[in-house]
Amino acid sequence: MTSPTPQTKSAPPLNPQQRAAVEHTEGPLLVFAGAGSGKTFVITQRIAHLVHQRGVAPQQIIALTFTNKAAGEMRERLAAALGPLARGIWISTFHAACTRILRRHHELLGLPQRFVIYDAADQKHLLKQVLRDLKIDATRFPEAAFASRISRLKSDPQAPPPEPAAKPRFGIEQHLAAVAAAYDEALRANGAVDFDDLLRLTVELWESYPAVLETYRETLRYVLVDEYQDTNAMQWRLLDLLCRTHQNLCVVGDDDQSIYRWRGADVGNILEFARHYPKARVITLGENYRSSETILHAASAVVARNRRRQPKELFTGRGPGEKIILFEAYDEEEEASFITAGVRHRREAEGTDYRDIAVFFRTNAQSRVVEDGLRRAGIPYQVVGGLKFYDRKEVKDLLAYVRLLVNPRDDVSLLRIINVPPRGIGAATLQRLTDYAKRARLPLLEAVRHAAHPHLARAEDADLGAAVAGKAARGHLQQFVLLLDELGKMVAEASASETLTAVLRRSGYLESLAKEEDAQAESRRENLNELISAAQDFEQENDGEVDVAAFLDHAALVAHQDVMSDASGVVTLMTLHASKGLEFDTVFMAGMEEGLFPHERSRHTTAELEEERRLCYVGMTRAKNRLLMSWATTRRVGGQRRSSLPSQFLADLPQEDLTEAAVPHRLGGQTAALDRATLADGMPRRKPRASRERRELAYEVEPAAQSGGEASTSDGYRRGMRVRHAIFGVGVVREVSGSGDTLKLSVEFPGAGVKKLMVKYAGLEVVEPRR
DNA sequence: AGTGCTGGACTTTTT
DNA sequence: GTCCAGCACT
């Protein structure tokens, strides 16, 4: 049983800890995988070992991840290591796996065969309706607050079903039970489940039907979980149910990288694994293959201050490398200048490619100032995160049509598209229809059908007449019903992409979009095309399997992070949360200030503060060779300027890992030592600041004098002229149209593309044309 | 029915 | 400073 593992061709040798993890195949195994310790490599090698050395059938293995990206990577690596055999392994996110299971056994839980998955936005819509029905003031108790509370309730397997409070409660608590119950009821009525339901209902299925559970236990003999530190209580229950008998559960994670506590993740799952499974073997992967010794040492020092963690010794053979550079800026503008200058310096002086540089921040709002700076300097960048593809309005609209076709009970989708594009079904009609639907306990679409064709309604529903008082309204409803019926026929026969195309054409959506001519409409059209291509891709991947419903699942479960194009050679900006799992040669961490990082709202309990500290650790350990951390002594928060102190995390950095070296900061064409920040007693000392005027010299383009001249009159714009916009920076005028108040310009901005601007509102500043 | 205005909020967001 | 939702206005 202890035959040595022959290495798959081209795979580097395993270190002793990695080897131990790979070869421990029977019984529970916990792998603490420090940052950059070759975790994915170990996971894939372990699965390859199971198949090649232990003769385990691929069908007996399931690997669970949190993100589609992680699942995709694992699938790829396994295909390389195992070839066609890899296809038999069930590699999936938790939520996708549960969806598949629930689709198989939906009838046992009373779910419709074609239940739809509601995302956060749908959830919000539904909650808003629920609050309205319950007459709860949504301004005092916003639905977002209910959403996260309800999510917690639904993710806790111990939670008793919400029942009326025994003791008086206050604030949101007094409504929570009622709202949660009504919300769940509304989900069921819509034939929908939310993300939490996917896990919860699978647990319910297994607990209520032991025979069903038994079949999964029989089949899935080897269970592997990635990023185990991010599992919540329900996921733990799910895993425990599946593995309790054979106990071949291998979990891999890093407690120090648990940063989703606020979403219900429980570090306790990884910290107490060995207590749950006393026979568990525990292995720590301590060798880091990513970062320099300095970076690893400093990051470890920060996270070592946490009390609730597994102590571990990380090491690297990579040598000390460069010191960490600290920079104290006067304000966020200067911080941005520091980053811009630093990026340019890395590239010009050291030949670092833009794609190897990243800027991290705690909050999304921080990105704007950095973006402005980079744009002005002409440095290309991309922001990761932001609006996701499947969250875009037009994409959601189109998907809502298809969801409604697949599941006619889906009121949320119906309300979304019934008057999109406008087809004369207004608020008044809709109000009467929803009232009627509620009274008759019918799905909204049924109400619409009754109103369109009153003979369908029961005789006693005389009040339905009120809903269709206007002949016009009835006509519009009839048209709409006709449209849906027509499209409905397609769903059975046509492929996903064909259905999407048909919906776009026949609903009038394309037509209405064609009437708009601005750049936004253009990008909407592109996004819709993109969605159709996504459907086509999906059809190809699942050769033959072209069910629209399957594509809807795919769309709901794939966050579709705007795929980072490695080839594009641009600087990457993102939140610290988004940085997990990535690595860059050079990392800037901006906004290292008390109140921002750690965030004001996460400083009050030890658990919160420890999570912020882990976040700091995650950010730092993304850097391979260079790490630059900056803070601003004053910063605009909301509308106000506030002064702030350096982050306490900076004080945790060992002095010997930091540099006092000057930061090259380009000023007025010459490279000068602008500033240096030192830590005395762990706290930075103040230094004289560069004045705002001097800082502005760092920008390449200077505004032209605004005195007289044709350039400054409102209609003196010419093609080829350079103008500055407060947000998009400097751009070149491509087209001039209209005059006076309606004077419009098409301006091409290097960082933002062509924008159409109304001169009256754009607040443009003319910039001297380049000679 | 569709546009425009005001008020409030503003941490992170794998699925 | 900016974004969005909800409401008022036309």
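Labels below follow one simple rule: chain letters A, B, ... track the order of the sequence lines, proteins then strands, and each chain is numbered from 1.
- The aromatic ring of A:Y260 does not stack onto the base of B:dT13, failing the criterion of a centre distance under 5.5 Å from the six-membered base ring together with planes under 30° apart.
- Phosphate proximity of B:dT13 to A:T575: present, with a side-chain N or O under 4.0 Å from OP1 or OP2.
- Protein atom CZ of A:R614 is 16 Å distant from nucleotide atom C1' of B:dT11, rounded to whole Å.
- Mapping A:N419 and A:T93 onto DNA chain B via the closest heavy atom, the residue that lands nearer the 5' end is A:N419.
- Of the candidates A:E334, A:E332, A:E593, A:E333, A:R635 forms a salt bridge (Lys or Arg N to Asp or Glu O under 4.0 Å) with just one, namely A:E593.
- Nucleic acid contact class of A:T65 (heavy atoms, under 4.0 Å, all strands): none.
- Using a 4.0 Å cut-off, some side-chain N or O of A:N68 falls inside it from OP1 or OP2 of B:dT15.
- The pair A:R200-A:D197 meets the salt-bridge criterion, since a charged nitrogen lies less than 4.0 angstrom from a carboxylate oxygen.
- An OP1 or OP2 oxygen of B:dT13 is reached within less than 4.0 angstrom by a side-chain nitrogen or oxygen of A:N364.
- Residues A:Y183 and A:D194 have side chains that bring a donor and an acceptor to within less than 3.5 angstrom of each other.
- With P as the reference atom, B:dT13 and C:dC4 are 16 Å apart, rounded to whole Å.
- Distance A:R601 CZ to B:dT11 C1': 7 Å, rounded to the nearest Å.
- Note: CG (A:L576) to C1' (B:dT11) measures 11 Å, nearest angstrom.
- For A:R263, the side-chain atoms get nearest to B:dT15 when compared with the rest of B:dT15, B:dT12, C:dG6.
- We find that CG of A:L596 is positioned 10 Å from P of B:dT12, with the value rounded to whole Å.
- We find that the ring of A:H599 and the base of B:dT11 stack, their centres lying under 5.5 angstrom apart and their planes tilted less than 30°.
- Atom CG in A:L201 sits about 15 Å away from atom C1' in B:dT15, given to the nearest Å.
- Summarising the geometry, the separation between CD on A:Q123 and C1' on B:dT15 is reported as 11 Å, rounded to the nearest angstrom.
- Between A:K128 and C:dG6, a side-chain N or O to OP1/OP2 separation shorter than 4.0 Å is present.
- Figure legend: cation-pi geometry between A:R100 and A:W90, with NZ or CZ positioned under 6.0 Å from the six-membered ring centre and within 45° of its axis.
- Cation-pi geometry between A:R188 and A:F115 is not met: the NZ or CZ atom fails to fall both under 6.0 Å from the ring centre and inside 45° of the normal.
- B:dT14 atom P lies 14 Å from atom CG of A:D196, rounded to whole Å.
- Between the CG atom of A:D194 and the P atom of B:dT13 there is a distance of 20 Å, rounded to whole Å.
- For the OP1/OP2 pair of B:dT12 and a distance below 4.0 Å, the side-chain nitrogens and oxygens of A:R362 include no atom meeting the criterion.
- Residue A:R636 places its side chain closer to C:dG1 than to any other of B:dT14, C:dG1, B:dG2.
- Within the 4.0 angstrom heavy-atom criterion, base atoms lie near A:D230.
- A sub-4.0 Å separation between OP1 or OP2 of C:dG1 and a side-chain N or O of A:R641 is absent.
- Under the 3.5 Å distance criterion, the side-chain polar atoms of A:E335 are matched with a main-chain donor or acceptor of A:G591.
- Both A:I425 and A:E611 lie close to DNA chain B; mapped to their nearest nucleotides by heavy-atom distance, the more 5′-ward contact belongs to A:I425.
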